[in-house]
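Scroll down for the structure; my scribbles are underneath it.
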Amino acid sequence: MSINKRIELAVFDMAGTTVNEDNVVYKTVRQVINEEGFNVTLDEVLEYGAGKEKYQAIIDILTHVTDCKNPEEIAKKAFVNFKPMLERVYEEQNIAPFDHVHDVFRQLRKNKVYVVLNTGYDSNIANQLISKLKWEKGVDYDALLTADDVIKGRPHKEMICKAMQMFDVEDASKVMKIGDSAIDIEEGKNASCGLTIGVLTGAQTREQIEKQNPDYILDDLSMLTQIVF
(Lines give C-alpha, C1' and ligand atoms only; values in the text may rest on other atoms or scores of the structure.)
Protein backbone atom coordinates (compact mmCIF):
# COMPACT_ATOMS: atom_id res chain seq x y z
CA MET A 1 0.00 0.00 0.00
CA SER A 2 3.02 2.26 0.46
CA ILE A 3 3.91 4.77 -2.24
CA ASN A 4 7.36 5.66 -3.58
CA LYS A 5 6.80 9.40 -3.56
CA ARG A 6 8.67 11.25 -0.81
CA ILE A 7 6.16 13.32 1.13
CA GLU A 8 7.61 16.35 2.92
CA LEU A 9 4.46 18.18 4.03
CA ALA A 10 1.11 16.90 5.30
CA VAL A 11 -1.78 19.37 5.48
CA PHE A 12 -4.63 18.17 7.69
CA ASP A 13 -8.11 19.58 8.03
CA MET A 14 -9.16 19.92 11.67
CA ALA A 15 -12.81 19.26 12.62
CA GLY A 16 -13.97 15.86 11.41
CA THR A 17 -10.48 14.85 10.27
CA THR A 18 -8.19 15.17 13.28
CA VAL A 19 -10.65 16.54 15.85
CA ASN A 20 -13.76 14.65 16.95
CA GLU A 21 -16.42 17.26 17.67
CA ASP A 22 -19.51 15.40 16.43
CA ASN A 23 -20.21 17.90 13.62
CA VAL A 24 -20.90 20.61 16.20
CA VAL A 25 -19.71 23.30 13.81
CA TYR A 26 -22.26 22.30 11.17
CA LYS A 27 -25.02 21.86 13.71
CA THR A 28 -24.26 25.43 14.80
CA VAL A 29 -24.28 26.64 11.17
CA ARG A 30 -27.69 25.01 10.77
CA GLN A 31 -28.99 26.66 13.94
CA VAL A 32 -27.94 30.21 13.01
CA ILE A 33 -29.39 29.83 9.50
CA ASN A 34 -32.69 28.48 10.80
CA GLU A 35 -32.88 31.27 13.36
CA GLU A 36 -33.13 33.60 10.35
CA GLY A 37 -36.40 31.92 9.37
CA PHE A 38 -35.33 28.93 7.31
CA ASN A 39 -35.60 25.17 7.77
CA VAL A 40 -32.42 23.61 6.39
CA THR A 41 -31.40 20.12 7.43
CA LEU A 42 -28.04 18.99 8.76
CA ASP A 43 -27.53 16.84 5.65
CA GLU A 44 -28.02 19.93 3.46
CA VAL A 45 -25.55 21.88 5.58
CA LEU A 46 -22.98 19.09 5.27
CA GLU A 47 -23.46 18.77 1.53
CA TYR A 48 -23.09 22.44 0.65
CA GLY A 49 -21.08 23.85 3.56
CA ALA A 50 -18.54 21.21 4.60
CA GLY A 51 -14.92 22.34 4.59
CA LYS A 52 -15.57 25.93 3.58
CA GLU A 53 -14.85 29.18 5.35
CA LYS A 54 -17.97 29.48 7.44
CA TYR A 55 -19.35 32.79 6.15
CA GLN A 56 -19.02 31.47 2.60
CA ALA A 57 -20.56 28.17 3.71
CA ILE A 58 -23.64 30.00 4.99
CA ILE A 59 -23.98 31.89 1.70
CA ASP A 60 -23.68 28.68 -0.31
CA ILE A 61 -26.21 26.82 1.83
CA LEU A 62 -28.71 29.65 1.53
CA THR A 63 -28.13 29.83 -2.23
CA HIS A 64 -28.46 26.11 -2.94
CA VAL A 65 -31.09 25.06 -0.40
CA THR A 66 -33.42 28.01 0.16
CA ASP A 67 -35.30 30.58 -1.91
CA CYS A 68 -33.43 33.39 -0.13
CA LYS A 69 -33.24 36.45 -2.39
CA ASN A 70 -30.42 38.17 -0.46
CA PRO A 71 -28.10 35.39 0.79
CA GLU A 72 -25.12 37.63 1.49
CA GLU A 73 -27.15 39.97 3.70
CA ILE A 74 -28.72 37.09 5.64
CA ALA A 75 -25.35 35.34 5.89
CA LYS A 76 -23.79 38.40 7.51
CA LYS A 77 -26.46 38.39 10.23
CA ALA A 78 -26.17 34.62 10.74
CA PHE A 79 -22.38 34.73 10.86
CA VAL A 80 -22.39 37.38 13.57
CA ASN A 81 -24.35 34.92 15.73
CA PHE A 82 -22.33 31.88 14.61
CA LYS A 83 -18.93 32.83 16.02
CA PRO A 84 -19.86 33.46 19.67
CA MET A 85 -22.29 30.53 19.63
CA LEU A 86 -19.64 28.10 18.41
CA GLU A 87 -17.04 29.42 20.84
CA ARG A 88 -19.50 28.88 23.69
CA VAL A 89 -20.38 25.36 22.54
CA TYR A 90 -16.72 24.41 22.17
CA GLU A 91 -16.01 25.77 25.63
CA GLU A 92 -18.72 23.55 27.11
CA GLN A 93 -18.32 20.42 24.99
CA ASN A 94 -15.85 17.59 25.43
CA ILE A 95 -13.50 17.83 22.45
CA ALA A 96 -10.87 15.18 21.69
CA PRO A 97 -8.65 14.06 18.82
CA PHE A 98 -9.67 10.99 16.89
CA ASP A 99 -7.94 7.73 17.72
CA HIS A 100 -4.51 7.36 16.12
CA VAL A 101 -4.06 11.10 15.46
CA HIS A 102 -1.21 11.51 17.96
CA ASP A 103 0.55 8.43 16.59
CA VAL A 104 0.14 9.62 13.00
CA PHE A 105 1.46 13.10 13.77
CA ARG A 106 4.38 11.65 15.72
CA GLN A 107 5.35 9.20 12.97
CA LEU A 108 5.15 11.87 10.29
CA ARG A 109 7.26 14.36 12.21
CA LYS A 110 9.75 11.62 13.19
CA ASN A 111 10.20 10.96 9.47
CA LYS A 112 10.75 14.66 8.74
CA VAL A 113 7.29 15.32 7.33
CA TYR A 114 5.93 18.70 8.43
CA VAL A 115 2.43 18.56 9.94
CA VAL A 116 0.24 21.58 9.18
CA LEU A 117 -3.34 22.05 10.34
CA ASN A 118 -5.62 24.10 8.12
CA THR A 119 -9.23 25.03 8.59
CA GLY A 120 -12.17 27.11 7.45
CA TYR A 121 -12.44 28.40 11.03
CA ASP A 122 -11.19 31.83 11.98
CA SER A 123 -8.09 32.11 14.16
CA ASN A 124 -9.95 32.55 17.47
CA ILE A 125 -12.02 29.39 17.10
CA ALA A 126 -9.12 27.32 15.72
CA ASN A 127 -6.84 28.34 18.57
CA GLN A 128 -9.60 27.66 21.08
CA LEU A 129 -9.72 24.11 19.75
CA ILE A 130 -5.93 23.75 19.84
CA SER A 131 -5.88 25.01 23.43
CA LYS A 132 -8.62 22.63 24.52
CA LEU A 133 -6.78 19.71 22.93
CA LYS A 134 -3.56 20.82 24.65
CA TRP A 135 -1.68 20.53 21.37
CA GLU A 136 1.64 22.36 21.32
CA LYS A 137 3.17 23.91 18.23
CA GLY A 138 6.55 22.40 17.50
CA VAL A 139 5.70 19.32 19.56
CA ASP A 140 2.39 17.96 18.25
CA TYR A 141 2.22 19.89 14.97
CA ASP A 142 4.30 22.40 13.05
CA ALA A 143 1.89 25.15 11.97
CA LEU A 144 -1.75 26.23 11.91
CA LEU A 145 -3.37 28.10 9.02
CA THR A 146 -6.90 29.49 9.32
CA ALA A 147 -9.36 31.43 7.20
CA ASP A 148 -7.90 34.61 8.70
CA ASP A 149 -4.48 33.88 7.19
CA VAL A 150 -5.57 33.98 3.54
CA ILE A 151 -7.58 36.07 1.15
CA LYS A 152 -9.11 33.14 -0.71
CA GLY A 153 -10.53 30.29 1.37
CA ARG A 154 -10.90 26.65 0.44
CA PRO A 155 -11.14 25.17 -2.14
CA HIS A 156 -8.62 27.76 -3.36
CA LYS A 157 -5.02 26.57 -3.03
CA GLU A 158 -3.80 29.60 -1.07
CA MET A 159 -3.55 27.94 2.36
CA ILE A 160 -1.57 25.00 1.00
CA CYS A 161 0.71 27.30 -0.99
CA LYS A 162 1.32 29.33 2.16
CA ALA A 163 2.17 26.16 4.10
CA MET A 164 4.66 25.19 1.39
CA GLN A 165 6.30 28.60 1.61
CA MET A 166 6.56 28.37 5.40
CA PHE A 167 8.62 25.17 5.18
CA ASP A 168 10.43 25.75 1.88
CA VAL A 169 8.66 22.91 0.11
CA GLU A 170 8.85 23.86 -3.55
CA ASP A 171 7.47 20.70 -5.17
CA ALA A 172 3.70 20.26 -4.67
CA SER A 173 4.01 16.58 -5.53
CA LYS A 174 5.69 16.19 -2.13
CA VAL A 175 2.59 17.52 -0.34
CA MET A 176 -0.46 15.55 0.76
CA LYS A 177 -3.81 16.99 1.79
CA ILE A 178 -6.08 15.05 4.13
CA GLY A 179 -9.68 15.96 4.94
CA ASP A 180 -13.23 14.77 5.54
CA SER A 181 -14.94 16.70 2.74
CA ALA A 182 -14.86 17.03 -1.03
CA ILE A 183 -13.71 20.63 -0.56
CA ASP A 184 -10.51 19.35 1.10
CA ILE A 185 -9.81 17.12 -1.88
CA GLU A 186 -10.58 19.91 -4.33
CA GLU A 187 -8.23 22.20 -2.40
CA GLY A 188 -5.47 19.61 -2.62
CA LYS A 189 -5.96 19.13 -6.35
CA ASN A 190 -6.02 22.88 -6.95
CA ALA A 191 -2.61 23.02 -5.25
CA SER A 192 -1.38 20.05 -7.37
CA CYS A 193 -0.68 17.99 -4.25
CA GLY A 194 0.97 14.65 -4.83
CA LEU A 195 -1.64 12.93 -2.66
CA THR A 196 -5.21 13.79 -1.74
CA ILE A 197 -6.77 11.63 0.95
CA GLY A 198 -10.34 11.60 2.25
CA VAL A 199 -11.40 10.25 5.63
CA LEU A 200 -14.88 9.12 6.65
CA THR A 201 -14.80 10.33 10.25
CA GLY A 202 -16.45 13.68 9.66
CA ALA A 203 -18.78 15.73 7.55
CA GLN A 204 -19.30 13.85 4.31
CA THR A 205 -19.99 10.39 2.96
CA ARG A 206 -17.78 8.29 0.72
CA GLU A 207 -20.01 9.13 -2.24
CA GLN A 208 -19.71 12.87 -1.62
CA ILE A 209 -15.92 12.74 -1.22
CA GLU A 210 -15.53 10.48 -4.28
CA LYS A 211 -16.90 13.26 -6.51
CA GLN A 212 -13.46 14.92 -6.34
CA ASN A 213 -11.54 11.70 -7.10
CA PRO A 214 -9.13 11.52 -4.15
CA ASP A 215 -6.21 9.13 -4.33
CA TYR A 216 -7.48 7.29 -1.24
CA ILE A 217 -10.50 7.30 1.05
CA LEU A 218 -9.81 5.91 4.53
CA ASP A 219 -12.22 4.89 7.26
CA ASP A 220 -9.97 6.81 9.68
CA LEU A 221 -6.38 8.03 9.93
CA SER A 222 -4.95 4.77 11.27
CA MET A 223 -3.83 3.61 7.79
CA LEU A 224 -2.31 6.91 6.71
CA THR A 225 1.33 6.23 7.52
CA GLN A 226 1.15 2.89 5.72
CA ILE A 227 0.32 4.83 2.58
CA VAL A 228 3.15 7.33 3.06
CA PHE A 229 6.00 5.12 4.29
Side chain [X], main chain [Y], donor-acceptor under 3.5 Å:
| X | Y | result |
| --- | --- | --- |
| D142 | G138 | no |
| K52 | R154 | no |
| D149 | T146 | yes |

So does [X] pair up with [Y], basic N to acidic O under 4.0 Å?
| X | Y | result |
| --- | --- | --- |
| E8 | K112 | no |
| D184 | K189 | no |
| K27 | D22 | yes |

Give, for atom [atom1] of [X] and atom [atom2] of [Y], the distance between the pair rounded to the nearest 0.5 Å.
| X | Y | atom1 | atom2 | result |
| --- | --- | --- | --- | --- |
| I58 | T63 | CD1 | OG1 | 11.5 Å |
| I160 | M176 | CD1 | CE | 12.0 Å |
| K211 | R206 | NZ | CZ | 15.0 Å |
| L62 | E44 | CG | CD | 11.0 Å |
| K152 | N190 | NZ | CG | 11.0 Å |
| N118 | M159 | CG | CE | 4.5 Å |

What's the verdict on side chain to side chain donor-acceptor pair (under 3.5 Å) for D171 and S173, showing C-alpha distance, side-chain angles and the deciding distance? CA-CA 5 Å; D171 184 354; S173 74; 2.8 Å; yes

State, without any angle test, whether N124 and Q128 hold a side-chain donor-acceptor pair at a distance under 3.5 Å.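 There is no such pair (donor and acceptor under 3.5 Å, judged by atom type) between the side chains of N124 and Q128.
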
Do T201 and D220 get their side chains close enough for a donor-acceptor pair, meaning under 3.5 Å?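 Their side chains do not contain a donor-acceptor pair, so the 3.5 Å distance test is not met.
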
For the residue pair P214 and G198, what are the closest heavy atoms and their distance?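 P214 and G198 have their closest heavy atoms at CB-N, 4.3 Å.
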
Exceeds 12 heavy-atom contacts within 6.0 angstrom, atom [atom1] of [X]:
| X | atom1 | answer |
| --- | --- | --- |
| E207 | CD | yes |
| N70 | CG | yes |
| E210 | CD | yes |
| Y90 | OH | yes |

Ring centres under 6.0 Å, that's the criterion: do F105 and F12 meet it?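 Centroid separation for F105 and F12: below 6.0 Å.
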
For the pair K83 and Y121, evaluate side chain to side chain contact (heavy atoms under 4.5 Å, CB included) and give the outcome as yes or no after the intermediate values. CA-CA 9 Å; K83 294 173 70 174; Y121 292 148; over 6 Å; no

For the residue pair T28 and F82, establish whether any side-chain heavy-atom pair is separated by less than 4.5 Å.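 Touching, per the 4.5 Å side-chain cut-off.
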
